[in-house]
Structures are given as structure tokens and as C-alpha cells.
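Heads up, the thing below is written out as C-alpha cells.
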Number of protein chains: 2
Amino acid sequence: MKGKVTSFDVAQRAGVSQSAVSRVFSGASASKATQDKVRSAADALGYRPNRLARGLITGRSKIIGLVVAYLDNQFYPDALERLSNVLKEQGYHILIFTTKGRGEEVKQTFDQLMDYQVDGIIAASVGISDELTNRCAAAGIPLVLFNRGQRGGALAQVTSDNLQGAAKIASFLVKGGHRRIGHISGWMGSITGQDRAQGFASGLQAAGSELVHQIDGMYRRDTAAEAAETLVSEHGCDAIFVGNDHMAFAVMDHLRGAMKISVPNDVSIVGYDDVSMAAWGAYELTTLRQPVNRMVHATVDTLLAMIEDADASADQITIDGPLVVRTSAKVPKEN
Amino acid sequence: MKGKVTSFDVAQRAGVSQSAVSRVFSGASASKATQDKVRSAADALGYRPNRLARGLITGRSKIIGLVVAYLDNQFYPDALERLSNVLKEQGYHILIFTTKGRGEEVKQTFDQLMDYQVDGIIAASVGISDELTNRCAAAGIPLVLFNRGQRGGALAQVTSDNLQGAAKIASFLVKGGHRRIGHISGWMGSITGQDRAQGFASGLQAAGSELVHQIDGMYRRDTAAEAAETLVSEHGCDAIFVGNDHMAFAVMDHLRGAMKISVPNDVSIVGYDDVSMAAWGAYELTTLRQPVNRMVHATVDTLLAMIEDADASADQITIDGPLVVRTSAKVPKEN
DNA sequence: CTGAAAGCGCTTACAG
DNA sequence: CTGAAAGCGCTTACAG
């Protein structure tokens, strides 16, 4: 522990009190002369304030807990990177927790999060029980849900407009002349899965069509691939809306590979998210773009507002995204 | 700040001293009776020790800083998730920093890392200057390089055996009957890029062949795609070893898409990493597997050893991985 | 503006 | 085994 220089060391070298040192680093008032003395002493010594000590006394750790479930879905690493950058600009950093589980594991995760005295929590697509919600509230720790809503609660959340987005896809598919349209949903235990499914079904009806069949893809590649086979072989689908891009890739692989089916000539596929891979040559997936950047900014804005003002309202923000048309689905004819 | 219960609150309720409370939670000796009293009081109050306060006094934050550059290469989110899990079992958590930059930005990142009093740092494929290395050493913060070596220094690092791995690929390609073999390297400013290139060239020679041409792919998709076009069109390559899977996907997309070239009938492609997508139907990429799990365990073991014992040697660990044969490259004939 | 002092929530010698 | 006390490195009223 050689390198440990404290504010006392700096004070001594600068010939001022330790309080003075603290003041210049915490941005409190100090005369120009003091500032200069302190800064040059600090530079000479390589001093930097200890955030833990500061956090202990201010009650602000400047740490945001991020809990995320699906790092294999490229949407999340992408969001993570942006979240990290936007937060960094505001002086916050991310303590990351990955958890596939639900229930007990999530609970432990929250315990640990709180042990570190995080200033706020972002939960990306993980289900939060009411108990956990209450515990955060009791501890005064703001929580915002990223890309996954929760019914009932007054939880802060930012999602894309899943209902509308799915409806856009429905309309696009119907106009594209598809007759037998199926849906492989996201996990129906998630609001996201439910909303996209519902928006899609309503959209189909609004366009004068109907949903032939729907299977829960559980956000899993293998489940989705199997579902695609069932939809095509048993239900004769000529178009499938898949609940997210991650599953859509698996569907395309399975259709083209094992089943020798041409996409989009035999079956059209549409996804949801517009992750970077959707634009790759192997897939060229038509999909609904989730505006990650705007979602990230909205999330950070909401969270920081709640941190700075405990009475800030828990916003529920819905962000609209465009349909990105590529080649994985037949396109409506111009006329 | 309602929910803030401290060890004093617990002590009071349990009818013991605050020291006693601390002892049972820090695992120091305490009688069974005291333990019981404290635990039940703590449970009733929902008490959990404040890690920041504990860290301040023990000098152990239980935070590991992870700095990572390429979250869009699936290798890293995957490694991140495993790192997080393995570390969690040991009571550590990850404060994550993303940085594309080199130089000044990395320096700032390290400043911030140290502000949080991290117990150790894992740098995943980011270049660390000697100055930074020295600063970590001075501060007594162990640093281990993950998946990227550094020449000269005595830095702890864990990488796969890039030299040998690339040599295996060379041998495989020559045996596969390829005549004009090219290489799109990883960024040649990185040791990883250099080693794979060198191992490949030597391997080719050892197998009685030679490298037709090599282009730096910079770990970028667009650069790699362009390089592939040059290698095929101008140098007549019938096989290309691409420095990592992430670029290899771009190469396959470009060859098959824009250039209407069949992989592997016209050109064989081999990658490096074996990220999960390599197994996907759209690519079925033949590639050298980096044993992420073993690399992660080795990284954590080394880092924790250095944290626990400041005199622990800075291990330089190299882990061997197998060639995973799929369909993106012609396979040597049995005989 | 500035310094002395209290205190954030803990751990850990030190006596008993 | 247990409690009183000092101290980790800071911030922030409080006097001057």
C-alpha cells in the first residue's frame, strides 16, 4: 500500500488544512490561491479523492447497478455500451450483474446491489417482483426497467412501442400479400412478449387478416427454430413474425438449412429490434428498429432525475421505432 | 433515506455492542448466543453491512474493474458474462468500462477505476501503456490482460496459444489442397494480431506452402470485407484465414453477397475464436476455438492470487484450443 | 475564505 | 468472548 496518498498528505504539502483540500476537490468554495496550492500539491503527489470515502459521507456512491439477463442477444451488449458511455458523462459507472434466473437469484442480486450502495438500478429485461420493488423503494433506490415493462406497478420504465411496432409489421405482411401468417412470440411471461403478440394479432385483424397460429419462442434459439418448423409444416405459414431478431436468425437458419425453404420466396420472416446483425448479408432481416440510443438516453435521464429528486415521478416512456425493410420478407407491391 | 439501518441499530435491538454485530458479519469469532441474537435482530431489521464502509477500512472494495474495447464482437459479452459469474462466486463484482480509444481515453478510464478503489483490473483487448502499468503497480492494484498479450513487460496475462492455433489452421488449409492462401490479420498493432499472423505464416512454410498475401483487417468488418475482395480478385486466393470470427462473418457475407463467390467451393474461410455465431447455420464457420471458460478461470485465479498476495508472480498463461471443423472450408481428404 | 471537529458505517487491535 | 475506542478517508456544518 505505498501509493495511498490522502487529503492530509496534500494538505500538508500545500500548507493548508485538510478541509481546504476537500473543498477544492468537492467543488465547494475556496480562494484562487488555495485552489492553486492544493492542485499543484495534489498533482505532485498524484492525489485523487477516494470515492468510497466520499460516497460513505455523501450517501452517493456514483455507482449504478445494471442487471441484465441476455447478453447473448446482441441488443444488450449494445445497450450496455451506450448506457455505460452516457452514464460516464454524468460521473456514474456501472456495476454489472448478470442473471438468467428469476425469483431467488434475482433477489440475491438485489441484495448484493444494495450492499454496494448503488445510487440507482437499471433492470434490462429481468422480471422484478413486487417484493423487490418495495425493497428498492424502502431503501430509497430508484429503479428503472429497460426494455421490459411491468403491469400494474407505477415503476419507471422505458420500452419501445411494442403494440404499435408489432401492428406495423402486421400491416406490412398483409400488404405484402401473405395469406397464412404466424407468430413466434417472445416469452409470454414477459410483457414485451405479450404486447408484441397482442399488437400483432390486432394489427392483423385491422388489416383484414388473422393470426393462423402462435407459439412461444421463449427468447430461445432452439425453441424458436422448432416453432418455425411447426408453423410452416403443420400450419402452412407463408410469413412469420418472430418476437425478436435473436430468435429470427435461428428461424432463418433452420428454414434455409434443415428445411431447405427459401426466405423470403417460400416464407417471409420479420424480426424485432434491428440489432447490428440484422443488416448483415447472411440475414438482411426486415425488422422493427428499437431506437436504442433514445431508449438509453431516456433511461438515464429518468434514473438521474429520480436520484436527484426522490419525489420525481416514475416516468413510463414509450419510444416509437420504424420498420426497417430489408430482404427477408416480401415487400408490398407499389401501385 | 428511511431504510438505512446500521450495525448500531442491530446492536441495540440485539442487546449487544456494535462491535459484536460487526464480528458476526465479518466472520470473526463470536459466541453462538451472540450470533443468534445478532442474526435475528439483523433479519428483523433487514440489515446488511455497507460494503463501502467496510471497504474503506479493510482496503478491499470487492470491486474488479473490467475495461473492454469490443463489445460488438460476441466473444467479449460472452467472456464478460462468465467473468461476472466466476467473480461473483468469490464475492467480487465488476465495474465495467468500455473504451474504444487508445492513449488518453484509456488513461482517464484508469483514473476513474482507481477512484473507485478497485481491488484489481482486467483489461480485455485494450492496450496498456507502460505508464499505466506503473501506476497500477504503484497503487498496488493487480492487473491482468485478458486475450491480449503485451511484449516485454512482466504483465500477468492469459491468452490462447495464438502461434500454435494459427499454425494448426495453416496445416489444415494446406492439407485441404488449397494453393493460394491469404490472411486477413487482426489489428497488427496488437500482439494477438501479430502472433496469429506469424504463427500462420510459419505454419504455412512448415507445411511446404507459403503465404500469398496478407492485409490488416483492423478487427473491423468493413476493412475485412474489402481485404477479402482484394485477396480474391487481385491475388487469386482460394483460402483465407481471417484473424477472428467477427471479421470472418463479414468476409463470408461479402464474398457470397456482393461477389457471388461460393464458400467453400470457390474460397475457403477459417476464423478464430469460435464464438457462438460460428455454429449458426448461416456461417458454419471452421474456426479455432478459444476456450473461454478456461481463459476466464485462469484470469480470475491469477487476479485473485495477486490480490491476496502482493508478491504473487504475474503469470503469463497460454491456453491451447482445438480447431473446430465446420463447412466454411474444404476439408482434407481422408486416405 | 478557512480550520478544527464531528461524523459517514464499518473493522480491528486493545483491555477486560 | 466481549465492549469501548480508534481510525479508514473523506464532507460539511460551525465558528472565527
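The chains referred to below are lettered A, B, ... by the order of the sequence lines, with proteins before strands, and numbering in each begins at 1. Values reported hereafter were calculated over all heavy atoms of this structure, with side chains retained and with hydrogens, waters and symmetry mates removed.
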Is NZ or CZ of B/Arg48 both nearer than 6.0 Å to the six-membered ring centre of B/Phe25 and within 45° of the ring axis?
-> no
Taken to the nearest whole Å, CG/B/Leu52 to P/C/dG7 is 21 Å
Can you tell me if the side-chain N/O atoms of A/Thr58 get under 4.0 Å from OP1 or OP2 in C/dC8?
-> no
Would you indicate what B/Ser22 reaches in the nucleic acid, counting non-hydrogen atoms under 4.0 angstrom: base, sugar-phosphate, or nothing?
-> base
Does C/dA15 have a Watson-Crick or wobble partner in any strand here, with both distances under 3.5 angstrom, and which is it?
-> D/dT2
Between CZ of B/Arg60 and P of C/dT12 the distance, given in whole Å, is 11 Å
Taking only the side-chain nitrogens and oxygens of B/Ser31, find out if one of them lies under 4.0 Å from OP1 or OP2 of D/dC1.
-> no
Specify the separation, in whole Å, of atom NZ of A/Lys4 and atom C1' of D/dC10.
-> 13 Å
For B/Gln18 and for A/Ser26, find the nucleotide of DNA chain D with the closest heavy atom, then tell me which residue's nucleotide is more 5'.
-> B/Gln18
Taking only side-chain nitrogens and oxygens of B/Thr6, does any of them come within less than 4.0 Å of OP1 or OP2 of C/dG9?
-> no
Please give, in whole Å, the distance from D/dT2 P to B/Phe25 CZ?
-> 15 Å
Work out which heavy atom in B/Thr302 is nearest to a heavy atom in B/Ala156; give both atom names and the distance.
-> CG2-CB, 4.1 Å
Quick one: which of D/dC10, C/dT2, D/dC1 gets closest to the side chain of A/Ile57?
-> D/dC10
Could you check how far CG of A/Leu56 sits from P of C/dT11, rounded to whole Å?
-> 12 Å
May I have the distance from A/Asn50 (atom CG) to C/dC8 (atom C1'), rounded to whole angstrom?
-> 13 Å
d(CD, A/Gln12; P, D/dC10) in whole Å | 14 Å
Let me see the working for B/Gln108 and A/Lys88 under side chain to side chain contact (heavy atoms under 4.5 Å, CB included), right down to the final yes or no.
-> CA-CA 11 Å; B/Gln108 282 179 16; A/Lys88 176 161 41 176; over 6 Å; no
Quick one: label A/Arg51 by what it contacts on the DNA or RNA (base, sugar-phosphate, nothing), any heavy atom closer than 4.0 Å.
-> nothing
Whole Å only: how far is the CD atom of A/Gln117 from the C1' atom of C/dC10?
-> 11 Å
When all nucleic acid strands are considered with a 4.0 Å heavy-atom cut-off, which category describes B/Ser19: base, sugar-phosphate, or nothing?
-> base
Whether B/Phe146 and B/Phe75 hold their rings parallel, tilted or perpendicular, with breakpoints at 30° and 60° | parallel
Toward the 5' end of DNA chain D, which comes first, A/Arg23 or A/Phe8, by nearest nucleotide?
-> A/Phe8
Taking only the side-chain nitrogens and oxygens of A/Ser17, find out if one of them lies under 4.0 Å from OP1 or OP2 of C/dA4.
-> no
Can you name the one residue among B/Leu113, B/Ile121, B/Val67, B/Leu132 that meets side-chain contact (heavy atoms from CB on, under 4.5 Å) with B/Leu143?
-> B/Ile121
